[in-house]
**Student:** 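Please see the structure below; I have some questions.
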There are 2 protein chains.
Amino acid sequence: MSPSKPAQRGGEPTEAQWRIINAALKLFAEHGVGGTSLRMIAGELGVTVAAVYHQYNTRDEIIYAAVESSLRQLNTIVDAAEAEPTVARARGSLLAGMVDLTTGVGRSLSAVLSDPAVTGSFSHHAGYRDLLRRMCRLLFGETVTKAARIRTATVIAAINGAATHPMLADLDDNALRGELLYLARRLQPTPSELANLLADRSVLEPPT
Amino acid sequence: MSPSKPAQRGGEPTEAQWRIINAALKLFAEHGVGGTSLRMIAGELGVTVAAVYHQYNTRDEIIYAAVESSLRQLNTIVDAAEAEPTVARARGSLLAGMVDLTTGVGRSLSAVLSDPAVTGSFSHHAGYRDLLRRMCRLLFGETVTKAARIRTATVIAAINGAATHPMLADLDDNALRGELLYLARRLQPTPSELANLLADRSVLEPPT
DNA sequence: GTCTATAGACCGATAGAC
DNA sequence: GTCTATCGGTCTATAGAC
């Protein structure tokens, strides 16, 4: 059971592994996961492919580590939001954290989590599903209804997708941050909608 | 200058080409553009790689044709919206068309247009830029300001990203359609915001 | 921890028979 | 329009020297 390489699933990456993960995330954002080879990752770091294989046994392990690294960042944001004293502050904290994560250096985070090569295998990943559920609860109340799930996915997609959209490539991060945060808040439910969300009725129906 | 293959840039694809494009779009959505080989496309169609090369000279030509096919569908939606008699109807028509395009059979459309391997090279594509500008004008007024561009990108990202999000994979299209359309409308500006959008001030500032 | 060298499969692409 | 056969290159992955 003891692995021949320093890598462990769920464990924190070593410094050498962290460098590989960062190079991989950058290239994933630029060429997609499927369009990124180990040769490219090694080249980005100025080493050979064999040196990369000394840290991870397979290509899939690198992808997995890169995704887990991104999820860890997201987890930190969710943890902080859940620690807020009020619901309103928790929502604001989560949205602000998500916007910061996608507009800052972690811009590559959005790309890897929405890559078809990743979404398929990670849709059943326990940690990922748990993270989504917690985000859904923070944004739209304790009961995770279908309508709340659609809202959560829409908020995530809006923030992530807008930050990486080529039409906005020329904008500076600060301008983007403010508008995105405002728009994300705008997708939060009004009090009258909330009743329908909790009952999992369409938001188009009148509130009870 | 006359090509040895029936393919022409900007021209309508033949039936054989259309089959290749559809198979490619399906696989792009599943494995990403970079993760899809000609062998996979040929296999999807039950033919050999050489048969595919009889329709397109290079792999890039197939990608280009697939993207152009997606843009043509989007163009049809925008044309129909622009033909509406009032601004309100035009906006509704565009949003409904976009939602239908991403939730129906064209679900794969979203994936290819947001693939890193595509966004890079198509961000300077004249037809694509023109399409985005027209969508921006339809949704947020004649003058294309920075704030309006952010809004447009956010609406596009929200619709496309939500439709393909793994968290919503179990939902039927009809339920998704209604909620997405409602949420997309929700991102449209209020009258007081509109003044700021046109002046390209932050929406957070009070209207003049 | 990094290298060279190598294996075997797959890649994009071409030539030419039917 | 589809096939087989083939090219050179790149892919993931391993073995072993330093």
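Numbers restart at 1 for each chain; the letters A, B, ... are given by sequence-line order, proteins then strands.
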**Student:** May I have the distance from A/H31 (atom NE2) to D/dT10 (atom P), rounded to whole angstrom?
**Tutor:**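 That distance rounds to 15 Å.
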**Student:** Can you check the A/L38 CG to D/dA13 P distance for me, whole Å?
**Tutor:**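 One finds 7 Å between P of D/dA13 and CG of A/L38, rounded.
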**Student:** Atom CD of A/Q17 and atom C1' of C/dG1: how far apart are they, to the nearest Å?
**Tutor:** 13 Å
**Student:** Starting at CD of B/E61 and ending at P of C/dT14, how long is that distance when rounded to a whole Å?
**Tutor:** 10 Å
**Student:** Taking atom OG1 of A/T145 and atom CZ of A/F140, what is their separation to the nearest 0.5 Å?
**Tutor:**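 So the gap between those two atoms works out to 9.5 Å.
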**Student:** Do any N or O atoms from the side chain of A/R129 and from the backbone of A/H124 form a donor-acceptor pair under 3.5 angstrom?
**Tutor:** no
**Student:** What's touching nucleotides 2-4 of chain C from the protein side, N or O pairs under 3.5 Å?
**Tutor:**
residue, atom, partner, partner atom, Å
C/dC3, OP2, A/T48, N, 2.6
C/dC3, OP2, A/T48, OG1, 2.8

**Student:** Determine which pairs satisfy ring-ring contact (aromatic ring centres under 6.0 Å, His included) with at least one residue from residues 77-122 of chain A, sequence neighbours left out, and list them in order.
**Tutor:** A/Y64-A/F122, A/F122-A/H125
**Student:** Rounding to an integer number of Å, can you tell me how far A/Y53 OH sits from C/dT6 P?
**Tutor:**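 One finds 19 Å between P of C/dT6 and OH of A/Y53, rounded.
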**Student:** To the nearest angstrom, how far is A/R59 atom CZ from D/dT14 atom P?
**Tutor:**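 About 15 Å, once rounded to whole Å.
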**Student:** Return each pair, listed once, that meets side-chain hydrogen bond (donor to acceptor under 3.5 Å, both in side chains) where at least one residue sits in residues 22-41 of chain A; pairs must be two or more places apart or across chains.
**Tutor:**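 Residue pairs with at least one partner in residues 22-41 of chain A: A/K26-A/E44.
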**Student:** Whole angstrom is fine here: how far is it from CD1 in B/I41 over to P in C/dG12?
**Tutor:** 8 Å
**Student:** With no hydrogens and no angle check, is any side-chain donor or acceptor of B/R149 less than 3.5 Å from a backbone partner on A/M167?
**Tutor:** yes
**Student:** Choosing from C/dA13, D/dA13, D/dC11, which nucleotide comes nearest the side chain of B/T58?
**Tutor:**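 For B/T58, the side-chain atoms sit closest to C/dA13.
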**Student:** What is the distance, rounded to the nearest whole Å, between atom CE of B/M40 and atom P of C/dC11?
**Tutor:** 8 Å
**Student:** Would the distance check show the side chain of B/R107 and the main-chain N or O of B/T102 forming a donor-acceptor pair, the cut-off being under 3.5 Å?
**Tutor:**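 Looks like no, no N/O pair under 3.5 Å.
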